[in-house]
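Whatever order the structure lists them in is the order used to number ligands and atoms, beginning at 1. Basis for what follows: all heavy atoms, side chains included, without hydrogens, waters or symmetry-related copies.
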Amino acid sequence: MTSVGTAITEGMAALADAGVENPRKEARLLLGHVLKMTPAQVFARAGDDVSSDAMQVYYAQLSDRCRGMPLAHITGRREFWSLDFLVSPATLIPRPDTETVIELAEELFRKRRAPARILDLGTGSGCILLALLTVFEQATGTGMDVSAEACRIAEANALSLDLAGRAEIVMASWSDGIDGKFDLIASNPPYIPHDDIAALDVGVRDHEPASALDGGADGLDAYRSLIPVAIPALTEDGLLILEIGIGQSAAVSEIASAHGLVPGPVRRDLAGIERAVSFYKKGVGIT
Ligand code: GLN
């Protein structure tokens, strides 16, 4: 029989060999996932036995991880904005970078009437919409996605986070137009330039949906299609907040300005990269 401690040591070695960055942490998370324990329980119960059935599952998952499968796809979960999200290969795995969008919304609405209606375009796992609904507790919102499977995941997340009563998930393309008016429209659209996709980390390139990453030749296709359809769906004093890729701030502002929007504050991510940009309609002013 293998002990929890030995299983962790073995897992750590395999993960380290494969170049995984935090082998100890990930070995604990993986074994904890198999044994239905928290990483802290795994740590505290190093002397417990692990059944051979559980070891088989653990080895299989270690090997998936060593071949580049994202941890979130093995455990099926990822934390975002301190909320627990279900993930699947049909959606982008929620990223810390995207929390910048929520932070910018929180900052900009601090001095304004809180948004009553929120729209998230290309909602994926639902992480932007659902996190915003926890920040703006009186709001209701819509998450739109073209993928039926993404909509299913977003709905499951709305249910598990107890937000289903305030979140409507709609399977549709923003290109077909948007019904209704929203005080806040947010999106993390695909923004990777097409030719850069091949060079992405294997976990992203092979395990996340291309439709959520590929922004066309210059990475800006989604902004060109999204911005003109979002404008008529914004209330007069509504705000549009978009996640952007590295170095895209000026180009995205130019697209928005060409459609009559006024660029507002920008927020940087933890790496210091401009990551979330905001826009509003002329004449509204922003503080
Ligand atoms: N941030 C993601 C990445 O770099 C891309 C997300 C997107 O295209 N919206 O992998």
Can you check whether R275 has an N/O within less than 3.5 Å of an N/O in ligand 1? no

N or O contact, N188 vs ligand 1, cut-off under 3.5 Å: yes

Shortest protein heavy-atom distance from [atom], along with the residue and atom involved:
atom                    : answer
atom 10 (O) of ligand 1 : R95 NH2, 3.3 Å
atom 8 (O) of ligand 1  : Y191 N, 3.0 Å
atom 4 (O) of ligand 1  : I192 CD1, 3.8 Å

With D218, which of H194, R224, Q248 fulfils side-chain hydrogen bond (donor to acceptor under 3.5 Å, both in side chains)? R224

Presence of salt bridge, [Y] and [X], under 4.0 angstrom:
X    : Y    : answer
R267 : E243 : no
R113 : D237 : yes
D97  : R275 : yes
E155 : R152 : no

Pair L184-L119, side-chain contact (heavy atoms from CB on, under 4.5 Å): steps then yes or no: CA-CA 6 Å; L184 169 59; L119 174 66; over 6 Å; no

Once you restrict to heavy atoms under 4.0 Å, what part of [X] touches ligand 1? Side chain, backbone, both or neither.
X    : answer
L92  : side chain
E208 : neither
L213 : both

Over 60° means perpendicular and under 30° means parallel, so classify the ring planes of Y191 and Y223, tilted if in between. parallel

Of the listed options G122, P189, P193, closest to atom 9 (N) of ligand 1 (non-hydrogen atoms): P189

Which atoms of ligand 1 are found less than 4.0 Å from any heavy atom of V204? 10 (O)

Heavy-atom contacts with A212 under 4.0 Å: which atoms of ligand 1 show up? List them by number with element. 7 (C), 8 (O), 9 (N)

Ignoring hydrogens and geometry beyond distance, is a side-chain donor-acceptor pair present between T123 and D145 at under 3.5 Å? no

